[in-house]
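Computation of the quantities below employed the complete heavy-atom set of this structure, encompassing side-chain atoms and omitting hydrogens, waters and symmetry-equivalent molecules. Quick note on labels: first sequence line is chain A, next is B, and so on, each numbered from 1.
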Amino acid sequence: MIQPVTRIEGHAKISIHLNDAGEVESAQFHITEFRGFEKLCEGRPFAEMPGLMSRVCGICPVSHILASSKAGDMLLGVEIPPAAEKQRRLVNYAQILQSHALSFFHLSAPDLLLGMDAPPAKRNIFGLLENHADFLRRGIRLRQFGQRVIELVGGKSVHPACSGPGGVHARFTTAQRDEILSWIPEAMGSVTMALDRLKPLLDGFREEIACMGNFPSLFLATVSRQGGLEFYDGVIKIIDGAGNVVTESLDPARYYTYLGEASEDSSFVKFPFYRPLGYPGGYYRVGPLARLNVARFAGTERADRELREFKQRGDGAVCEAFHYHLARLIEMLHSVERIEELMSDPALFEESIHARAALNRREGIGSCEAPRGTLFHHYWVDANGLMTRANLLIATGQNSQAMNLSVGQTARHFFKGVALGARPDEGILNRVEAAIRCYDPCLSCSTHAFGQMPLVVEWLARDGTVLGQMAR
Amino acid sequence: MRSLFISCGNTLRCDDGVAHRVLELLPAAAEREVRSVHQLTPELAAEMAGFDVVVFVDADAASLRPAVEPIGAWAPRSPLTHVTEPAEIVALARALFGFTGEALMCRIPARDFRFDDDLSEVGIESAQMAADELRKSI
């Protein structure tokens, strides 16, 4: 039993442990808040779960709604109508698009365009205004597009009411289609612009690419039954760092047979692992980098072209966490292409959007690809359909061990030459943060808040003495 | 004068959703648009262009009475945060989307943040006072 197990919001800490010689021995990214969504849903009717689980996250509520709805579909024992499936796919593409836009343009672009050593006061989106205003404007509009699609389908962009057990809540209309289509040229142009900006920049980050989370690991993601990039429904595939297929065609509804969950005293986040390799050796990475590594093709013209080029960056698999950024952009391109395709799919407009049934099973599992990786919702209900237990396996948690290793590798490389007890310079500490930022962990996105998320970096001697601390 | 009112908050957390009630209490007007959101997001900046005045309305646990005040300059926060503040949105709107109007913050006293979709007595009273104040001043 993992106790406590929860999603987290807001607070994080990094500890860097030094040996007697003052070299970095290990490092940890601690998530220090407890939330307990699994517990609070006990006793609630399962039909309420998509609405409740939406509250796990204010950035990717759609992902939780979809995984929850799919768990509900399984409890009902139904196959949802094609229009409902298409609509769910549509909002999931929109979700991926808006979340990736936030990560790339707002959180990581300041590092990428201004440099890791830029003054902290400038290293934010306002620092981009002076010379990169059009880039930033396009990034905001791109996220606006994704949010608008979600709002059109679900009534509001954050915590929309877009899906539930058995299907979706409202038919898709031609007016919605027309508005979405009017955004496509601009969205496509903006993602293309971002790709054209990022790729030449990568040459200037060779040291960071090599030393900020560059190690072989397992990669896990959903793929279509043909092996292509898939965000909504498919099978689970795992490859290793050399690109060898470890296993494929795994049923997401049996995730617990091949994925285990460990806990560490240092963090409230879970540490999932691939059971055959045990813990901690069976850790794996999820999210955009993993998805592009495991998928053989994207299935859309432009994304396929980018994916082929992307795969050339690795020898079997692309292992550098820094390339999460590029992978994110390619997924955004793919999402825009897929959204456009869906607009001309007659099935999206069909009348039947809901499969009606009573409770037929006592256990339901739903999964989909959230922006940060594979998401599993597992519910148990009693004969009245009331929740008796829930287990959530969230993407950020599945990257826990990889984030720790990335922080350690980054600190080990960039702390070289820093005297014992001395304060590392700002650019070094920023690189430690940037290693985490590659994974875009979702720490502070569950609910409306008015304040900042503090991040504390400590460096400690072998005996635990705090040699220094820096807080943002 | 074209005005945009943006209310922000969680209606499932009692008074946290008080701002939405304020907007419901405002009478409809030809030149007035309202936008209710769960949380502030950067793309709101793109929606502000063309308005003469934009008012962010939000619950405030520290306020004693409804207060409307100009939104000051934004001070950058942690690069890891997912929190967006009104001042940040206003700054983006001015810099990127040509917003030249007045930006105001309306803080509503809020005391109760339990899991509940009703407002507390303080919240109900504050909402009415804030709506009256906004109707008179904007």
Side-chain angles (χ1 to χ4, degrees), chain A residues 9-10 12 40 51 55 57-59 61 98 101-103 105-108 110-111 120-127 129 133-134 136-148 156-159 430 433-434 436-437 441-455 471-472, chain B residues 6-13 15-20 35-49 56 58-63 73-99 105 107-108 110 113 115 117:
Chain A
E9 181 210 13
L40 68 83
R55 262 65 187 181
C57 182
I59 302 295
Q98 63 85 7
L102 185 68
S103 170
F105 288 96
H106 288 258
L107 302 181
S108 292
D111 289 338
K122 289 274 185 189
R123 211 170 49 224
N124 51 60
I125 55 171
F126 284 87
L129 283 177
D134 184 59
L136 191 55
R137 189 182 301 112
R138 281 173 169 270
I140 290 173
R141 289 274 296 167
L142 199 51
R143 185 175 137 88
Q144 187 183 15
F145 170 48
Q147 292 286 72
R148 181 62 183 150
K156 52 184 183 174
S157 59
V158 179
H159 306 318
N430 184 43
E433 282 185 56
I436 299 167
R437 219 172 286 133
C442 198
L443 305 182
S444 186
C445 56
S446 160
T447 189
H448 165 63
F450 201 88
Q452 73 168 17
M453 184 194 81
L455 178 88
R472 288 190 193 285
Chain B
I6 300 171
S7 63
C8 178
N10 185 347
T11 53
L12 299 181
R13 295 300 296 268
D15 288 350
D16 193 60
V18 69
H20 304 313
R35 188 89 161 88
S36 294
V37 297
H38 185 84
Q39 59 194 22
L40 299 179
T41 49
E43 59 275 10
L44 286 169
E47 299 183 24
M48 288 172 58
F56 289 84
D58 200 359
D60 187 346
S63 291
W74 181 65
R77 299 274 194 168
S78 162
L80 266 179
T81 186
H82 278 171
V83 174
T84 304
E85 298 180 29
E88 180 180 359
I89 294 170
V90 173
L92 288 172
R94 292 196 193 288
L96 297 174
F97 298 102
F99 172 65
M105 181 79 214
R107 299 181 191 280
I108 319 294
F113 297 94
F115 289 105
D117 54 8

Between CG on residue B/Leu44 and CD on residue A/Gln147, distance to nearest 0.5 Å: 9.0 Å
Heavy-atom closest contact (B/Pro42 atom, A/Leu102 atom, distance): CG-CD1, 4.0 Å
Approximate separation, where rounding is to 0.5 Å, of B/Glu88 CD and A/His106 NE2: 8.0 Å
Validation row: A/Arg148, B/Glu43 side chains within 4.5 angstrom (heavy atoms): no
Results of ring-ring contact (aromatic ring centres under 6.0 Å, His included) for A/Phe105 - residues two or more places apart only: A/Phe135
Interchain contact, B/Ala91 with chain A, by part (heavy-atom threshold 4.5 Å): both
Non-hydrogen atoms of B/Ala95 and A/Leu129 that approach each other most closely: CB-CD1, 3.6 Å
Separation between CZ of A/Arg55 and CZ of B/Phe115, rounded to the nearest 0.5 Å: 10.5 Å
Per-residue contact mode, A/Leu142 against chain B (heavy atom under 4.5 angstrom): neither
Which atoms of B/Leu92 approach chain A - backbone, side chain, both or neither, heavy atom under 4.5 Å: both
Residues forming a side-chain contact (heavy atoms from CB on, under 4.5 Å) with B/Asp60, sequence neighbours excluded: B/Ala62, B/Ser63, B/Arg107
Whether over 12 other heavy atoms sit under 6.0 Å from A/Lys156 NZ: yes
